[in-house]
Visitor: 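Supplied in structure tokens, the structure appears directly below.
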Amino acid sequence: MSSMELPHLPATTESIAKAQEAKDASESISILYRVLQDPSSSAEALRTKELAITNLTNYLTKENRAEELRNLLTQLRPFFSLIPKAKTAKIVRGIIDAVAKIPGTSDLQISLCKEMVEWTRAEKRTFLRQRVEARLAALLLENQEYTEALTLLTGLIKEVRRLDDKLLLVDIDLLESKLHFSLRNLPKAKASLTAARTAANAIYVPPAQQGTIDLQSGILHAEEKDYKTAYSYFFEAFEAFSALEDPKAIFSLKYMLLCKIMVNQADDVAGIISSKAGLKYLGPDVDAMKSIADAYSKRSLKYFETALRDYKSQLEEDPIVHRHLSSLYDTLLEQNLCRLIEPYSRVEIAHIAEMIELPVDHVEKKLSQMILDKKFAGTLDQGAGCLIIFEDPKTEAIFPATLETISNVGKVVDSLYMRSAKIMA
């Protein structure tokens with residue numbers, strides 16, 4: 001017999017204790033389901049059922065039974081009509097959070113949130129619906145379903161601004177900032193972040209949320225190449241997340257190290273990692289940034305590419321790190337090429353490729369790009385496979401001075417003409 005077919009158990013503390021003393025999780029789950037079937041709706045029974053729901057959610061999460069958690073939310077709907085709306089909101093959000101802890105359930109979470117939005121709309125539970133919609137928008141953003149997420153957020157922001165729910169508004173504005181950043185719309189991302197900060201200044205913001213605001217601020221400043229300001233924001237975020245033992249702390253630390261590398265202070269990376277705060281987070285993410293810092297300090301493209309290959313998931317698959325490392329790689333490659341071609345007036349491209357330990361076609365493409373960007377004066381003789389470097393044309397200092405003198409004489413003549421015109425009049 002399944003737990004649904006077994007007779008119900010009374011909703012008492014003894015039944016909860018029996019579930020906790022059961023020999024395995026499956027038996028505990030079965031007992032808790034039977035407690036929830038108790039038809040009693042006394043204040044004591046309702047309190048016990050709430051405790052049973054919390055325990056059941058924990059057991060199902062540990063057993064990775066995501067589908068059962070989803071079914072549990074549907075089964076509890078009659079129970080929700082017996083308890084206050086605030087408690088209902090807490091239970092619903094708790095179960096949605098529990099499903100999120102189970103790996104590989106993003107599609108299930110999206111469909112679960114959509115179901116709950118429909119139910120809350122039918123039940124006219126506006127407070128809960130808005131929070132579930134915000135959660136749904138965050139899931140759609142993670143799944144890169146940007147259009148649907150933007151449509152949902154646009155309507156939600158108008159509604160929440162009208163109600164002046166500042167705490168939820170901070171969440172939604174932050175989400176919108178992340179969404180616009182993902183769509184590469186930096187002005188709108190900054191505007192949404194400013195709105196989130198304005199709303200946050202009017203209320204008490206939990207440390208985790210303040211950390212998220214600082215993290216997003218750092219990301220946007222880094223995107224504008226203002227790495228010093230970005231570093232200070234990442235540091236604030238790192239301190240907040242580290243105190244809460246939040247897994248986002250490792251990302252804040254990683255981005256801090258990235259900023260140090262980008263401002264040509266790669267030597268500081270080892271010091272930050274060996275600090276008391278840094279030692280807590282030693283692992284592949286920190287090792288990846290350390291290897292990039294070492295490669296940059298040695299100005300070695302070979303070490304740089306080795307680091308990118310060895311730590312692909314930490315560097316290439318993190319879009320923020322990847323974007324900045326791409327520009328860093330280009331800068332490093334240009335510096336190396338300029339240093340190598342400096343002694344020559346004519347040199348084989350194959351020889352340069354051999355010295356820099358990169359494929360010939362890759363070097364040829366980069367050299368042509370550098371010539372077009374006027375990084376040096378030269379031309380590629382593709383027939384002979386050579387690079388011809390020209391002497392920097394020295395501009396004679398007399399020519400700009402002559403032009404300036406002629407311009408000044410012109411202004412004097414114009415001034416005299418204006419004066420004579422006034423006298424004649």
Side-chain angles (χ1 to χ4, degrees), residues 174 177-178 180-182 184 186-187 189-190 192-194 196-197 207-208 210-244 246-301 303-305 307-308 310-335:
L174 255 178
S177 178
K178 288 175 185 175
H180 284 307
F181 178 73
S182 300
R184 315 295 306 121
L186 205 58
K190 285 169 72 181
S192 298
L193 183 64
T194 305
R197 279 193 174 282
Q210 186 59 53
T212 310
I213 293 172
D214 289 333
L215 185 63
Q216 183 65 9
S217 300
I219 290 167
L220 294 183
H221 277 286
E223 190 65 21
E224 292 182 314
K225 306 277 186 281
D226 183 3
Y227 294 110
K228 284 187 177 176
T229 310
Y231 178 86
S232 62
Y233 277 121
F234 288 138
F235 182 73
E236 291 289 334
F238 174 67
E239 284 201 320
F241 292 137
S242 187
L244 296 166
D246 190 305
K248 285 183 193 164
I250 188 67
F251 292 105
S252 305
L253 178 60
K254 197 161 120 179
Y255 301 152
M256 276 166 63
L257 301 176
L258 174 70
C259 289
K260 282 291 180 190
I261 297 166
M262 296 306 288
V263 294
N264 207 11
Q265 293 174 1
D267 297 336
D268 293 354
V269 167
I272 295 167
I273 292 169
S274 59
S275 68
K276 188 182 174 184
L279 289 170
K280 248 171 85 176
Y281 296 96
L282 288 178
D285 285 286
V286 171
D287 291 344
M289 296 315 295
K290 191 174 184 297
S291 62
I292 288 290
D294 290 343
Y296 186 75
S297 296
K298 291 170 183 169
R299 294 281 187 270
S300 168
L301 284 167
Y303 289 151
F304 200 98
E305 290 192 330
L308 290 176
D310 292 349
Y311 298 100
K312 192 175 180 186
S313 62
Q314 286 81 18
L315 301 172
E316 298 270 325
E317 290 169 23
D318 184 326
I320 292 154
V321 173
H322 177 63
R323 192 176 295 126
H324 294 292
L325 287 187
S326 298
S327 76
L328 187 67
Y329 179 81
D330 279 349
T331 307
L332 204 53
L333 179 56
E334 284 176 10
Q335 286 173 356

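Hydrogens, waters and symmetry mates play no part in the numbers below; they use all other heavy atoms, side chains included.
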Visitor: Just how far is it from atom CD1 of I292 to atom NZ of K290, taken to the nearest 0.5 Å?
Guide: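 With rounding to 0.5 Å, CD1 (I292) is 12.5 Å from NZ (K290).
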Visitor: Do you know the tightest heavy-atom contact between A230 and G218?
Guide: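 The answer is CB-O, 3.3 Å.
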Visitor: Any chance NZ of K254 has more than 12 other-residue heavy atoms, nucleotides or ligands included, within less than 6.0 Å?
Guide: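 Above 12, so yes.
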Visitor: Take L315 and M289 through the test side-chain contact (heavy atoms from CB on, under 4.5 Å) and record every step on the way to the result.
Guide: CA-CA 8 Å; L315 301 172; M289 296 315 295; 3.8 Å; yes
Visitor: Quick one about N264 and Y227 (side-chain donor to acceptor, distance below 3.5 Å, no hydrogens or angles considered), yes or no?
Guide: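 Checked: Y227/N264 side chains show no N/O donor-acceptor pair below 3.5 Å.
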Visitor: To the nearest 0.5 Å, tell me how far H324 NE2 sits from C259 SG.
Guide: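 Here the rounded value is 7.5 Å.
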Visitor: Does the side chain of D226 come within less than 4.5 Å of Y233's, by heavy atoms?
Guide: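 No, every pair of side-chain atoms sits at 4.5 Å or beyond.
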Visitor: How far does CZ of F241 sit from CD of E236, to the nearest 0.5 angstrom?
Guide: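 So the CZ of F241 and the CD of E236 are separated by 11.5 Å.
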Visitor: Where do S217 and L193 come nearest, in terms of heavy atoms and distance?
Guide: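 Heavy atoms only, the tightest pair is OG-CD2, 3.4 Å.
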Visitor: Decide yes or no for E223 and R323: does some side-chain heavy atom of the first lie under 4.5 Å from some side-chain heavy atom of the second?
Guide: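 Touching, per the 4.5 Å side-chain cut-off.
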Visitor: Would you mind reporting whether H221 and S232 have side-chain heavy atoms less than 4.5 Å apart?
Guide: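 SC-SC contact between S232 and H221 ruled out.
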Visitor: At what distance, to the nearest 0.5 angstrom, does CG of D268 lie from CD1 of I273?
Guide: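 That separation rounds to 11.0 Å.
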Visitor: Of all heavy-atom pairs between M256 and F234, which one has the smallest distance, and what is that distance?
Guide: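 Taking every non-hydrogen atom into account, CG-CB, 3.5 Å.
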Visitor: As a quick check of understanding, evaluate side-chain contact (heavy atoms from CB on, under 4.5 Å) for F181 and I320, giving each step before the final call.
Guide: CA-CA 10 Å; F181 178 73; I320 292 154; 4.2 Å; yes
Visitor: Kindly indicate whether the side chain of L258, heavy atoms from C-beta on, has any atom under 4.5 Å from the side chain of L325.
Guide: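 Yes, close enough: below the 4.5 Å cut-off.
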Visitor: Counting only heavy atoms not in F251 (residues, nucleotides, ligands), do more than 12 fall under 6.0 Å from its CZ?
Guide: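 For F251, atom CZ is not crowded (no more than 12 foreign heavy atoms under 6.0 Å).
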Visitor: Mind checking the OG-CG spacing from S275 to L253? Nearest 0.5 Å is all I need.
Guide: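 Here the rounded value is 7.5 Å.
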Visitor: Answer whether the closest heavy-atom distance between the side chains of L215 and Y255 falls below 4.5 Å.
Guide: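 The answer is yes; the side chains approach within 4.5 Å.
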Visitor: Search all heavy atoms of A189 against all heavy atoms of H180 and return the closest pair with its distance.
Guide: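 So the minimum-distance heavy-atom pair works out to N-CB, 3.7 Å.
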Visitor: Nearest 0.5 Å please: distance from the CD atom of Q335 over to the CG atom of L301.
Guide: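 These two atoms lie 9.5 Å from each other.
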Visitor: Tell me if the centroids of the rings in F238 and Y281 come within less than 6.0 Å of each other.
Guide: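 Yes, close enough.
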Visitor: Tell me, do V269 and S297 make a side-chain contact under 4.5 Å, heavy atoms counted?
Guide: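 They are not in contact (no side-chain heavy atoms under 4.5 Å apart), so the answer is no.
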Visitor: Quick check on K280: does its NZ atom have over 12 non-hydrogen neighbours (other residues, nucleotides or ligands) under 6.0 Å away?
Guide: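 Yes, enclosed.
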Visitor: Which heavy atom of A240 sits nearest a heavy atom of G211, and at what distance?
Guide: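 In terms of heavy atoms, the two residues are closest at CB-CA, 4.1 Å.
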Visitor: Parallel under 30°, tilted from 30 to 60°, perpendicular over 60°: which one fits the rings of Y329 and F304?
Guide: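 Judged by the thresholds at 30° and 60°, the geometry between Y329 and F304 is tilted.
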Visitor: Could you check whether R197 pairs with D214 (Lys NZ or Arg NE/NH1/NH2 to Asp/Glu carboxylate O, under 4.0 Å)?
Guide: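 Judged by the 4.0 Å cut-off on N to carboxylate O distance, R197 and D214 do form a salt bridge.
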Visitor: With a 4.5 Å limit on heavy-atom distance, are the side chains of T212 and K178 in contact?
Guide: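 Yes. Closest side-chain heavy atoms under 4.5 Å.
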Visitor: So, do Y303 and D294 sit near enough that their side-chain heavy atoms are less than 4.5 Å apart?
Guide: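 A side-chain contact under 4.5 Å is absent here.
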